[in-house]
There are 2 protein chains.
Amino acid sequence: MNRDNDHSTQCIVLISGFAFRHKISKDGKRQIVSIHLAGEVINLQSLFLEAMDHNLQALARCSVVLIPISALRSLIFARPPIYAAFIIRSMVEASIYREWILNNGWRDARARIAHILCEFAVRSDALGINHGGIYNLPMTQEQIGDAVGLTAVHVNRTLKSLSNDGLITQSADCSAPTA
Amino acid sequence: MNRDNDHSTQCIVLISGFAFRHKISKDGKRQIVSIHLAGEVINLQSLFLEAMDHNLQALARCSVVLIPISALRSLIFARPPIYAAFIIRSMVEASIYREWILNNGWRDARARIAHILCEFAVRSDALGINHGGIYNLPMTQEQIGDAVGLTAVHVNRTLKSLSNDGLITQSADCSAPTA
DNA sequence: CGGGAACTTGATGCGCGTCAACTAGCGTGG
DNA sequence: CCACGCTAGTTGACGCGCATCAAGTTCCCG
């Protein structure tokens with residue numbers, strides 16, 4: 001992401017595809033803190049905070065629209081309902097963060113991975129982008145591991161285990177979890 | 001917390017003492033998702049969301065002030081800067097959530113506990129309630145464990161280990177971490 | 001046909017959970 | 001006053017879940 005598209009001056013709307021946000025710890029580990037689907041403004045907090053405490057990254061190919069922050073600020077101050085909608089969206093994101101803290105805290109590998117698959121399925125349903133119980137999850141096993149705090153190797157074994165138990169089925173190009 | 005003080009109709013300002021928010025998973029594990037010090041409004045999201053996805057609990061004795069949500073709503077809509085201040089506070093909380101996701105994701109026991117102690121110290125400093133490098137942390141080892149996803153037994157061992165290495169010192173009534 | 005990224009699978013070891021026993025402190029009631 | 005019970009903390013033994021290391025297989029793309 002070059003200087004012209006700097007997310008400190010532009011808000012980014014994800015039009016198609018997927019993106020995620022992550023932090024890098026001092027020892028080089030990457031922790032994915034949120035996943036974003038089409039239709040979401042993926043750096044809402046830039047409207048209110050100057051500093052960025054994490055990084056944005058696209059999952060596979062995606063298209064975005066950039067809106068200058070100054071324009072969005074004018075909009076929300078002129079239209080209180082839009083302002084409120086953005087705030088509520090942020091609150092919902094905070095709720096998802098809390099859920100992730102719980103997910104990474106106590107659960108074992110099967111539960112963590114099942115949770116992230118289910119969350120993805122529910123959000124895909126809400127957007128109407130599932131195909132009859134088939135979901136397109138464009139994350140590598142390493143990325144899943146970075147989201148739930150497991151190594152790619154163990155993610156692999158756990159997915160196999162879920163698969164063997166008939167809880168999920170995977171297709172070639174991507175994965176297709178079913179409840 | 002009885003019906004009269006219901007946090008679905010009142011906002012709670014922590015005047016003195018400490019409080020935390022937690023979620024209970026289906027298997028009975030408790031995950032603490034945030035800690036609150038004196039001076040903070042501890043259920044800001046109630047201004048915007050009806051549902052409460054987690055629980056509030058006091059750490060030891062504390063005093064609070066209750067403000068009807070309707071009154072706060074009137075205030076923030078009448079005074080945009082106050083509105084904005086609340087939003088920014090929420091964004092900062094979201095940032096702390098992201099940090100906790102990272103903390104619980106990859107770090108080992110020593111790093112997790114050191115992080116929560118340091119976060120507590122920094123926030124205490126910001127409030128000016130430290131006493132020359134001495135901090136009063138009113139959490140039991142079990143609560144620390146519930147915050148970072150470790151058992152009380154292992155928190156105990158890890159604190160001992162940090163103590164033996166001279167990284168922290170503990171006094172009788174509570175703990176006194178030093179950087 | 002070569003090379004790299006993602007996935008797969010096995011062997012080994014350690015960090016942390018679990019179980020259990022014990023101590024210390026503190027409030028309550030006899 | 002001491003007996004009692006409860007909560008928090010402490011320590012040891014043992015086992016499992018997951019990390020780590022390593023080798024290999026696909027599969028895509030040049």
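Chain letters run A, B, ... following the sequence lines, proteins first, then strands; residues in each count from 1. As the structure is a computational prediction, the values presented were derived from the model and not from experiment.
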- Item | Length of the line joining A:Glu142:CD and C:dA6:C1', which is rounded to integer Å | 9 Å

- Message: Considering every strand and a 4.0 Å limit on heavy-atom distances, what is the contact class for A:Ala152: base, sugar-phosphate, or nothing?
- Response: nothing

- Whole-Å distance, B:Ile144 CD1 to D:dT7 P, equals 19 Å

- Query: Can you name the closest pair of heavy atoms from A:Val33 and A:Tyr97 and give their distance?
  - Reply: O-CE2, 3.5 Å

- Take the protein atom CD of A:Gln143 and the nucleotide atom P of C:dA6, then report the distance between them rounded to whole Å. 8 Å

- Item | Nearest non-hydrogen partners of B:Asp146 and B:Gln31, listed with the distance | O-NE2, 3.1 Å

- Message: Nearest whole Å is fine: how far is C:dG15 C1' from B:Arg107 CZ?
- Response: 17 Å

- Query: Hey, quick one: are A:Val148 and A:Trp106 part of the same hydrophobic cluster, counting side-chain heavy atoms closer than 4.5 Å, chains of contacts allowed?
  - Reply: no

- Query: When you measure from the side chain of B:Thr151, which nucleotide among C:dT18, C:dT9, D:dA19 comes out closest?
  - Reply: C:dT18

- Query: Can you check the B:Arg110 CZ to C:dC16 P distance for me, whole Å?
  - Reply: 11 Å

- Assign A:Thr140 to base, sugar-phosphate, or nothing according to its heavy-atom contacts below 4.0 angstrom with the strands shown. sugar-phosphate

- What are the two closest heavy atoms between B:Ser25 and A:Leu102, and how far apart are they? CB-CD1, 4.1 Å

- Please state how far atom NE2 in B:His154 lies from atom P in C:dA20, giving the value in whole angstrom units. 20 Å

- Message: Using the rule ring-ring contact (aromatic ring centres under 6.0 Å, His included), only one of B:Phe77, B:Tyr83, B:Phe48 pairs with A:Tyr83; which is it?
- Response: B:Tyr83

- Are A:Gln141 and C:dT8 close enough that a side-chain N or O sits under 4.0 Å from OP1 or OP2? yes

- Measure from CG on B:Leu137 to C1' on D:dA8 and round the result to the nearest Å. 14 Å

- Query: Partners of A:His22 by ring-ring contact (aromatic ring centres under 6.0 Å, His included), sequence neighbours excluded?
  - Reply: A:Phe20

- Rounded to the Å, how far apart are B:Lys160 NZ and D:dT10 C1'? 6 Å

- Message: I want to confirm an ordering. Mapping A:Trp106 and A:Leu159 to their closest nucleotides on DNA chain C, which one lands closer to the 5' end?
- Response: A:Leu159

- Task: Just report the end-to-end axis angle for the helix from C:dC1-D:dG30 to C:dG30-D:dC1, five pairs per end, to 10 degrees.
- Result: 30°

- Would you classify B:Gly149 as touching base, sugar-phosphate or nothing, given that sugar-phosphate means primed atoms plus P, OP1 and OP2, and contacts are heavy atoms under 4.0 Å? sugar-phosphate

- Message: My understanding is that only residues two or more places apart in sequence, or in another chain, count here; which of them pass salt bridge (charged side-chain N to carboxylate O under 4.0 Å, His left out) with B:Asp108?
- Response: none

- Can you figure out which of D:dA8, D:dA22, C:dG17 approaches the side chain of A:Val153 most closely? D:dA22

- Item | Closest to side chain of B:Leu150, choosing from D:dA19, C:dC16, C:dT18 | C:dC16

- Query: Any donor-acceptor pair under 3.5 Å between the side chain of B:Arg157 and the base of D:dG12?
  - Reply: yes

- Query: Between B:Asn156 and D:dT10, does any side-chain N or O lie under 4.0 Å from OP1 or OP2?
  - Reply: yes

